[in-house]
Structure formats: structure tokens, C-alpha cells
Amino acid sequence: MRGGGTLATACSLAMLGIVAVGCRKAKPVEPVAIVNGVPITAEEYYGYLERKPNVTVVSSDGRGTVEGKVAYSLGFQALRDIVNRKLLRDIAEKEKVEPSPEDVEAEIQFRKKGDPEFVSRLTDQGLSMDDVREDIRMDLIQERLWTRGETVTDAEVDQFIKQDPRQFMLPAEADLRWIVVESDSQKQQVDRQLKAGQPFQTVAGKLSKAPGASGNGGLFPERRLEGLPAPIRSAVEATRAGKTTNWIRDGKRWIILFVEKKDPQIKIPIDDHMRTRIRRLLAIQKGRNRNDIGAKLEEALREAKVEVRKESIKKIWDEASQNLRQPPAGAPTP
């Protein structure tokens with residue numbers, strides 16, 4: 001249960017969930033950046049962010065970072081998520097399960113016990129502590145709505161542990177760098193520079209065709225060996241830390257990796273903290289079958305008074321709102 005859960009909703013609901021409120025007059029803000037003396041204003045930055053058509057994601061197949069096209073504008077998605085969160089808080093308040101500030105702080109400490117770097121990792125990504133607390137609050141709201149009326153026995157926890165011991169193992173990981181080339185001549189050039197004693201990171205920065213290699217020295221995007229393509233995983237497993245793998249053929253490309261560090265697979269201790277996590281997970285799994293948050297949220301959206309004032313989002317909101325308010329297929333009409 002690392003991080004927060006996600007909320008799946010119906011197709012029509014996935015397009016819905018935004019509301020615009022009256023905006024207060026903003027104070028003058030500093031430029032986001034200055035390029036050759038020319039400022040990039042906050043208005044320019046956020047305006048582009050709202051309509052950005054593609055996002056960069058990390059590929060799970062060893063290809064590094066790849067571009068993906070967004071389903072709807074990021075501005076629409078952001079507003080949809082914000083309103084869903086507000087409505088979920090309304091539902092939690094009505095059902096008297098909204099967590100207190102003390103509950104949120106206790107949950108932060110609980111997560112830090114299982115992951116001491118939980119908070120620092122999030123703040124290093126740019127989140128403030130208020131952001132962290134709000135995300136925790138939403139996680140707790142969803143959990144409490146799902147688990148109302150559910151109980152989990154010690155025997156159920158024991159059975160969960162016994163049925164799949166592999167889930168209580170931290171997988172083997174490695175810090176890797178890689179060089180990707182597209183021809184035999186490029187491959188030979190890499191070999192010459194490595195044989196001459198050039199650091200792998202330096203050669204990767206100059207010659208690798210992997211995305212981002214020139215800026216990060218060929219840093220490989222994945223640490224878990226179990227998530228790597230079989231040829232790459234086998235090569236890494238056969239190579240000691242501080243050594244370079246043999247070249248690996250990947251379609252029309254050649255790949256070579258440097259293994260900086262290897263962490264073996266280790267067993268996770270089943271202590272009281274872990275048993276509590278398991279108990280909560282099982283309660284969520286059981287509660288999802290009876291407590292349909294998606295249906296409650298969809299009903300709240302139908303009843304919500306929504307006023308969208310931002311023209312770039314208003315049209316898609318109107319379409320989504322109309323679809324949501326139509327009766328399901330086959331339902332009797334008044």
C-alpha cells in the first residue's frame with residue numbers, strides 16, 4: 001500500500017468532475033523562468049500546461065522516457081480531479097468518516113514507519129507538507145468510505161500471508177547506466193572509448209542514443225530487475241557491480257549496460273506494522289464489493305451545481321455533464 005489509492009469510476013464519470021469558482025484577484029507573481037533576459041510569465045506557463053497535448057512517461061520495457069498523448073487536456077483533468085476530491089470530502093462529512101488533522105498526522109507517522117523516506121521523497125518532488133497532508137486526507141477518506149462496516153480477522157491476515165509468500169519479498173534491484181547505439185560503427189566507437197579508459201557515464205553522455213542520455217549520463221530508468229526485458233535482466237544478473245555487460249541486440253539497436261550497484265532480493269519482516277497494513281488492505285478489498293464510492297460520487301456530480309467559467313474547458317464540461325445526466329441505456333423514460 002505504498003502511496004495513495006486511485007479511484008476508478010464509470011466512463012461518463014471519467015469525463016466529469018469539474019467546477020469553477022469565483023477567482024480572487026491574484027497578486028503580482030514572479031516569472032516562472034527567464035530565458036536570455038525574456039521572462040516566461042506564470043500566465044504563459046499555466047496556459048500552456050492546461051492545454052499540453054503530450055506527456056512524458058517512463059517506459060516499463062527499458063526504452064527510457066516516451067511521449068504519450070493525453071486523453072483530455074491536462075487543465076480539464078486537473079479540474080475534474082479537484083472537484084472529485086471536494087465532493088468526496090462532502091460525502092465523507094455526511095457519512096461522518098472525514099479524518100481529523102490528528103488522524104492525518106498519525107497516518108503520516110504510520111507510513112514513515114514502513115518507509116522512513118516517505119515524506120522527504122514527496123517534498124523532493126516539489127510537494128509542500130500541506131500537499132502531502134491533503135493527499136493523505138483523501139487516501140483516508142477513500143479507505144474509510146470503502147471499509148465502512150467491514151472487519152478482518154487475524155485468521156484472514158494469516159491466510160493472506162500464507163497464500164503468496166513472494167509478495168513479502170523486496171525484489172532485486174540495481175543502479176544501471178546504459179548506452180544505446182543504432183549501427184555497428186557506433187558500437188565500435190563506444191568500444192574504443194571504453195577500452196581507452198573513458199568512464200561509462202562520459203561515453204554514454206556523448207554517444208548514447210537513449211532518451212536523455214546527454215543530460216543524465218545514460219542513467220537507466222528502471223531499478224527493479226523483475227520489470228526488465230528478459231535479455232537485459234539476464235545480462236545484469238550475470239554481471240557484477242562495477243562491471244559492464246556484453247552488448248545486447250534489441251531489434252535494430254545495440255545496448256550495453258554498466259552495473260553501478262546491485263541490491264539482492266530480501267524478505268520483508270511480518271511485524272505488527274505489516275499486519276496492520278495487510279488488515280487495512282483486506283478491509284478495502286472486501287468493502288469495495290459493497291461500498292461503491294464511484295456510484296456515490298456519480299450521484300453527487302449529478303446533483304452538484306456546476307458553473308464553469310473558463311472558456312477553454314467549458315465546452316467539454318457541457319458535453320460531459322449532458323452525458324452524465326442522460327438515463328442509462330434501457331432505463332425507462334419518464
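In this chain, residues are counted from 1 in sequence order. Just the heavy atoms: all of them, side chains too, but no hydrogens, waters or symmetry mates, feed the values below.
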Presence of salt bridge, R309 and E307, under 4.0 angstrom: yes
Should we say atom CD of E95 is surrounded by more than 12 heavy atoms from elsewhere, each under 6.0 Å from it? yes
Closer than 3.5 angstrom, by distance alone: can the side chain of Q186 be matched with the main-chain N or O of L207 as a donor-acceptor pair? no
Under a 4.5 Å side-chain heavy-atom rule over Ile, Leu, Val, Met, Phe, Trp and Tyr, are I256 and L219 clustered together? no
Start with the C-alpha gap between Y46 and T41, add the side-chain angles, then the distance that decides, and say whether side chain to side chain contact (heavy atoms under 4.5 Å, CB included) holds. CA-CA 9 Å; Y46 288 111; T41 66; over 6 Å; no
Hey, are the side chains of E173 and Q265 touching, using non-hydrogen atoms and a 4.5 Å cut-off? no
Between T202 and Q198 (side chain of the first, backbone of the second, donor and acceptor by atom type, cut-off under 3.5 Å), is there such a pair? no
For E260 and A241, the nearest pair of non-hydrogen atoms, with its separation, is O-CB, 4.0 Å
Is the backbone N or O of N216 less than 3.5 Å from a side-chain atom of R177, with the two atoms forming a donor-acceptor pair by type? yes
Can you tell me if D124 uses its side chain to pair, donor with acceptor, with the backbone of R121 under 3.5 Å? no
Side chain to side chain contact (heavy atoms under 4.5 Å, CB included) between E67 and V55, worked out: CA-CA 6 Å; E67 289 286 312; V55 294; over 6 Å; no
Does D130 come within less than 4.0 Å of R133, counting only side-chain N to carboxylate O? yes
Expected output: side-chain Q167 to main-chain D164 donor-acceptor under 3.5 Å: yes
Within a radius of less than 6.0 Å around NZ of K52, do more than 12 heavy atoms belonging to other residues, nucleotides or ligands occur? yes
So, taking the atom named CD in E105 and the one named CD1 in I136, what distance separates them when rounded to the nearest 0.5 Å? 9.5 Å
Let me check something: do F118 and M129 share a hydrophobic cluster, defined by ILVMFWY side-chain heavy atoms less than 4.5 Å apart, either directly or through other members? yes
Is the NZ or CZ atom of R280 both under 6.0 Å from the centre of the six-membered ring of F110 and within 45° of that ring's axis? yes
Is it the case that over 12 heavy atoms from other parts of the model lie below 6.0 angstrom from the CG atom of N246? no
Minimum heavy-atom separation for A210 and S208, please, with both atom names. N-OG, 3.1 Å
Between R233 and E226, is there a side-chain N and carboxylate O pair less than 4.0 Å apart? no
Is E311 salt-bridged to K314, going by a charged N under 4.0 Å from an acidic O? no
Sidechain-backbone polar pair: T245 side chain, V236 backbone, donor-acceptor under 3.5 Å: no
Whether R144 and D103 form a salt bridge (side-chain N of Lys/Arg under 4.0 Å from carboxylate O of Asp/Glu) is what I want to check. yes
Is atom CZ of R249 surrounded by more than 12 heavy atoms (other residues, nucleotides or ligands) closer than 6.0 Å? yes
Is a side-chain donor or acceptor of N291 paired with a backbone partner of R148 at a separation under 3.5 angstrom? yes
With a 4.5 Å limit on heavy-atom distance, are the side chains of V32 and E44 in contact? no
Please tell me if the side chains of D158 and R275 come closer than 4.5 Å, counting only heavy atoms from C-beta onward. yes
Is there a chain of hydrophobic side chains (I, L, V, M, F, W, Y, each step under 4.5 Å between heavy atoms) that links V181 to F200? yes
If you define the side chain from C-beta out and look only at heavy atoms, does anything of I293 sit under 4.5 Å from W146? yes
Could you go through F160 and V152, starting from their C-alpha distance and side-chain angles, then the distance that decides it, and tell me whether this counts as side chain to side chain contact (heavy atoms under 4.5 Å, CB included)? CA-CA 11 Å; F160 181 83; V152 176; over 6 Å; no
Non-hydrogen atoms of L225 and A174 that approach each other most closely: CD2-CB, 4.0 Å
Assess whether a salt bridge exists between E93 and R89, defined as any Lys/Arg side-chain N lying under 4.0 Å from an Asp/Glu carboxylate O. no
So do the side chains of L127 and D135 get within less than 4.5 Å of each other, counting heavy atoms only? yes
Assess whether a salt bridge exists between D272 and R279, defined as any Lys/Arg side-chain N lying under 4.0 Å from an Asp/Glu carboxylate O. no
For the pair I34 and I40, evaluate side chain to side chain contact (heavy atoms under 4.5 Å, CB included) and give the outcome as yes or no after the intermediate values. CA-CA 6 Å; I34 300 175; I40 297 176; over 6 Å; no
Quick one: are Y48 and L74 in side-chain contact, heavy atoms under 4.5 Å? no
To the closest 0.5 Å, what do you measure between CD (Q189) and NZ (K206)? 8.5 Å
Kindly determine whether E134 and R137 satisfy salt bridge (Lys or Arg N to Asp or Glu O under 4.0 Å), including the steps that lead there. CA-CA 5 Å; E134 182 59 23; R137 182 186 305 280; 3.6 Å; yes
State plainly whether the residues E182 and R253 are in salt-bridge range, i.e. N to O under 4.0 Å. no
Heavy-atom closest pair (I248 atom, I232 atom, distance to 0.1 Å) is CD1-CA, 4.0 Å
Is L301 close to N84 at the side-chain level, that is, under 4.5 Å between some pair of heavy atoms? yes
Salt bridge present between K262 and D175 (N-O < 4.0 angstrom): no
Measuring from atom NE2 of H273 to atom CD1 of I268, what distance do you get when rounded to the nearest 0.5 angstrom? 11.5 Å
Can you spot which of D184, V190, I179, V180 makes a side-chain contact (heavy atoms from CB on, under 4.5 Å) with W254? D184
Is any side-chain heavy atom of M274 closer than 4.5 Å to one of R277? yes
Would you say I141 and I284 are hydrophobically clustered, going by side-chain heavy atoms of ILVMFWY under 4.5 Å? yes
Is V104 reachable from L122 through a run of I, L, V, M, F, W or Y residues, each pair having side-chain heavy atoms under 4.5 Å apart? yes
Main-chain N/O of S120 paired with T123 side-chain donor or acceptor, under 3.5 Å: yes
Nearest heavy-atom pair of F258 and G242: which atoms, and what distance? CE1-O, 3.3 Å
Can a salt bridge be assigned to the pair E117 and K112 using a cut-off of 4.0 Å between side-chain N and carboxylate O? no
